[in-house]
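All remarks here apply to the structure that follows.
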2 protein chains.
Amino acid sequence: MFNANAAHEITSHEIHPQEAYNQPQDQRLPRTAPMQAESSFKVACSNCNLRELCLPIGLSTDEMNQLDGMVATRKKVKQGGHLFSSGDPFTTLYAIRTGFFKTCVVSEDGREQVTGFQMAGEIMGLDGIVSDKHNCNAIALEDAEVCVMPFNHVEDLSRQIPMLQRHVHKIMSREIVRENGVMMLLANMRAEERLAAFLLNLLQRLHARGYSKSELILRMTREEIGSYLGMKLETVSRTFSKFSDDGIIEVKQKNIRILDHEKLQAIFNASTC
Amino acid sequence: MFNANAAHEITSHEIHPQEAYNQPQDQRLPRTAPMQAESSFKVACSNCNLRELCLPIGLSTDEMNQLDGMVATRKKVKQGGHLFSSGDPFTTLYAIRTGFFKTCVVSEDGREQVTGFQMAGEIMGLDGIVSDKHNCNAIALEDAEVCVMPFNHVEDLSRQIPMLQRHVHKIMSREIVRENGVMMLLANMRAEERLAAFLLNLLQRLHARGYSKSELILRMTREEIGSYLGMKLETVSRTFSKFSDDGIIEVKQKNIRILDHEKLQAIFNASTC
DNA sequence: GGGACTATTTGATATGCATCAAGAAGTCAT
DNA sequence: ATGACTTCTTGATGCATATCAAATAGTCCC
């Protein structure tokens with residue numbers, strides 16, 4: 001659902017290479033899709049190096065070519081910029097090619113609730129389908145690029161390619177299941193369990209993208225973490241400090257190093273105590 | 001997505017007529033679909049009196065007939081019975097024809113989290129699509145009947161009827177948006193706001209089904225409400241008592257009468273204070 | 001590089017809800 | 001109808017996290 005070789009096209013003044021998720025790093029796992037010369041790539045899923053995350057597997061060459069019609073264009077979003085806002089008319093889904101987003105809903109009185117953090121290969125905009133307008137804000141937490149997929153195209157192609165249809169359904173179902181998990185977290189867990197769950201989830205998703213299992217850079221503030229986890233930023237900070245004191249993690253601002261993955265897992269399951 | 005004239009087929013020993021949501025009541029709004037003789041109805045969406053809630057509008061007669069193939073069969077579930085359980089293989093969606101359900105996920109240590117309450121016309125099982133197995137338990141809170149819709153049928157028909165395809169997408173999107181709202185509730189609201197939001201939501205959904213706006217019967221226990229809202233059953237009870245003391249509602253066990261709808265709404269928006 | 005801003009950390013105190021407990025009301029089965 | 005069970009209500013107390021506050025660290029912008 002988006003094109004490959006992102007790194008080649010990003011100019012260095014846009015991001016800090018050593019910090020950005022959208023740059024390849026030493027820890028990245030090898031990709032099956034070989035790197036290719038950087039010029040002359042059209043917007044196409046068929047040669048996107050993230051297609052294993054984004055698209056259904058097992059498509060025929062023919063279907064792959066059809067699929068390239070799904071992405072109409074690409075769009076860059078600067079850090080802090082809105083990809084879409086609550087109330088905007090809904091016409092397209094977005095696949096993240098590079099960068100990192102948060103989605104949040106805002107109540108009438110202005111309280112903001114972060115409903116999720118999205119990274120490369122993940123789809124945004126599903127909330128807009130039901131009422132033909134977006135129901136949340138999608139804000140880039142670092143400079144980002146997305147594939148614009150007009151929802152009409154997605155639906156048309158889904159009718160022609162059953163495997164794609166199933167894939168779209170799975171993506172929506174996955175989001176429902178994810179939110180079920182967040183409900184469990186918010187309703188039942190204590191601060192330490194929530195933060196452990198949050199870190200483990202981020203690590204797992206980053207690992208699937210070729211990043212280290214024992215290190216990560218938080219793209220969001222303590223306040224945004226707190227919003228997502230239903231706690232105040234001070235509590236997030238205190239809990240980080242506690243994990244640090246207990247030798248579970250090392251915290252250097254937004255850089256987190258996991259020292260004891262098992263202990264973190266144990267806290268998450270602390271349920272079991 | 002399910003058949004009509006439920007009331008005619010339910011035998012009285014199964015439910016208490018004066019209490020059940022699955023019985024017509026004085027307060028019900030008139031339906032556009034006329035009541036018909038009770039015998040000889042086959043499983044068919046085309047003559048279901050809930051199709052306005054359940055199905056896309058504006059289908060041609062032809063498409064309507066096609067759609068009748070979607071529901072393979074119907075299934076009765078006794079109060080307390082499982083429609084499906086976490087881990088069960090996923091093959092079908094279910095549309096509630098009559099009755100009332102809860103869905104809940106259970107963490108490894110056994111903590112139960114109610115993720116939703118479902119009533120007539122609503123679809124269950126969407127959580128199962130992503131991993132081909134169900135991710136939660138669906139338990140009947142009163143004797144119920146559902147339409148069994150093999151997911152293969154749904155997908156096949158969706159490819160043939162674009163309006164149905166869009167409808168399925170909307171249903172999934174609606175669930176995502178609903179869960180966004182629950183996240184906001186759990187992360188940001190205080191006990192009174194949560195319970196007010198809960199009551200208003202139930203009232204609104206029941207009203208759409210022809211029930212009174214000022215009265216409802218809770219099908220779930222205080223504990224189940226508490227689980228859904230992220231609070232303990234004692235707090236639910238206390239909050240009901242407080243609303244009662246404040247003249248906002250009248251509580252007689254599971255029977256709730258709304259005395260001051262505006263005040264309830266104000267508490268929900270209490271955010272604004 | 002320096003000043004203004006934002007983000008983070010840490011401490012002290014307050015509070016909303018959980019927990020523990022016990023009794024009342026309602027429901028079910030025989 | 002009667003006893004056993006579940007559900008609900010209400011009170012007393014405790015605790016986890018919110019709130020308030022202030023200092024520190026980091027970042028951005030001229």
Side-chain angles (χ1 to χ4, degrees), chain A residues 13-16 18-20 78-80 102 111-112 114 141-143 185-196 217-245 249-256 267 270-271 273, chain B residues 13-16 18-20 78-80 102 111-112 114 141-143 185-196 217-245 249-256 267 270-271 273:
Chain A
H13 67 273
E14 290 179 351
I15 52 172
H16 306 285
Q18 63 278 47
E19 287 198 344
K78 283 268 168 201
Q79 184 176 52
K102 70 169 175 180
R111 278 187 289 193
E112 171 177 307
V114 173
L141 296 182
E142 62 179 1
D143 289 0
L185 180 145
L186 289 172
N188 281 313
M189 295 187 186
R190 287 172 311 104
E192 289 185 32
E193 299 174 58
R194 293 183 198 190
L195 195 63
I217 298 162
L218 300 171
R219 295 266 96 93
M220 69 295 284
T221 66
R222 304 288 191 261
E223 185 167 21
E224 286 161 339
I225 296 172
S227 173
Y228 183 60
L229 298 179
M231 48 208 253
K232 293 295 152 183
L233 70 95
E234 293 96 329
T235 307
V236 174
S237 178
R238 273 184 243 274
T239 309
F240 270 132
S241 298
K242 170 143 200 321
F243 284 176
S244 183
D245 292 348
I249 64 176
E250 193 179 294
V251 183
K252 269 211 202 92
Q253 290 298 119
K254 307 224 171 191
N255 300 270
I256 309 286
I267 290 170
S271 359
C273 296
Chain B
H13 67 272
E14 289 180 352
I15 53 172
H16 307 285
Q18 64 277 45
E19 286 198 344
K78 283 270 169 200
Q79 183 175 50
K102 70 169 175 181
R111 279 188 287 192
E112 172 177 303
V114 173
L141 296 181
E142 62 180 2
D143 289 358
L185 180 146
L186 289 172
N188 280 314
M189 296 188 185
R190 287 173 310 105
E192 287 183 33
E193 297 175 59
R194 294 183 198 191
L195 194 62
I217 299 164
L218 300 171
R219 295 266 95 95
M220 68 296 283
T221 65
R222 303 288 191 260
E223 185 167 21
E224 286 160 339
I225 297 172
S227 172
Y228 183 61
L229 298 178
M231 47 209 253
K232 294 294 152 182
L233 69 96
E234 293 95 328
T235 307
V236 174
S237 178
R238 273 184 244 274
T239 309
F240 270 132
S241 298
K242 171 144 198 323
F243 284 176
S244 183
D245 293 348
I249 64 175
E250 195 180 293
V251 183
K252 270 212 200 90
Q253 290 299 119
K254 307 224 170 190
N255 300 271
I256 309 286
I267 290 171
S271 355
C273 294

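Owing to the predicted nature of the structure, the values given are computational and were not obtained by experimental measurement. Note on naming: letters A, B, ... go to the chains in the order of the sequence lines (proteins, then strands), and numbering restarts at 1 for each one.
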Both A:Thr221 and B:Arg190 contact DNA chain C. Which one's nearest nucleotide lies toward the 5' end? A:Thr221
Residue whose nearest DNA chain C nucleotide is more 5′ - B:Thr235 or B:Gln79: B:Thr235
So, for B:Leu141 and B:Met220, which heavy atoms are closest and what is the spacing to 0.1 Å? CD1-CB, 3.8 Å
Which pair of non-hydrogen atoms, one from B:Met189 and one from B:Arg194, has the smallest distance, and what is that distance? O-NE, 2.9 Å
Taking atom CD of A:Glu223 as the centre, does the number of heavy atoms from other residues, nucleotides or ligands within less than 6.0 Å exceed 12? no
Tell me the interatomic distance from [X], atom [atom1], to [N], atom [atom2], rounded to whole angstroms.
| X | N | atom1 | atom2 | answer |
| --- | --- | --- | --- | --- |
| B:Glu224 | D:dT6 | CD | P | 14 Å |
| B:Lys252 | D:dC8 | NZ | P | 16 Å |
| A:Asp245 | C:dT10 | CG | C1' | 11 Å |
| A:Glu193 | D:dA16 | CD | C1' | 12 Å |
| A:Leu233 | C:dT6 | CG | P | 14 Å |
| B:Met189 | D:dT17 | CE | C1' | 19 Å |
| A:Arg222 | D:dT19 | CZ | P | 19 Å |
| A:Ile225 | C:dA7 | CD1 | P | 13 Å |

Using a cut-off of strictly less than 4.0 Å, decide whether B:Lys254 has a side-chain nitrogen or oxygen near OP1 or OP2 of D:dC8. yes
Shortest side-chain distance from B:Ser241, nucleotide among D:dT10, C:dT8, D:dT17: D:dT10
Of the nucleotides D:dG26, C:dC20, D:dC8, which one has an atom closest to the side chain of B:Ser237? D:dC8
Per the atom types in the model, does the base of D:dC20 pair as donor or acceptor with the side chain of A:Glu234 at under 3.5 Å? yes
Donor-acceptor pair present, B:Arg238 side chain and D:dG11 base, under 3.5 Å: yes
Do A:Phe240 and A:Thr235 have side chains that approach each other closer than 4.5 Å (heavy atoms only, starting at C-beta)? no
Minimum side-chain heavy-atom gap B:Glu112-B:Lys102 below 4.5 Å: yes
Would you classify A:Gly230 as touching base, sugar-phosphate or nothing, given that sugar-phosphate means primed atoms plus P, OP1 and OP2, and contacts are heavy atoms under 4.0 Å? sugar-phosphate
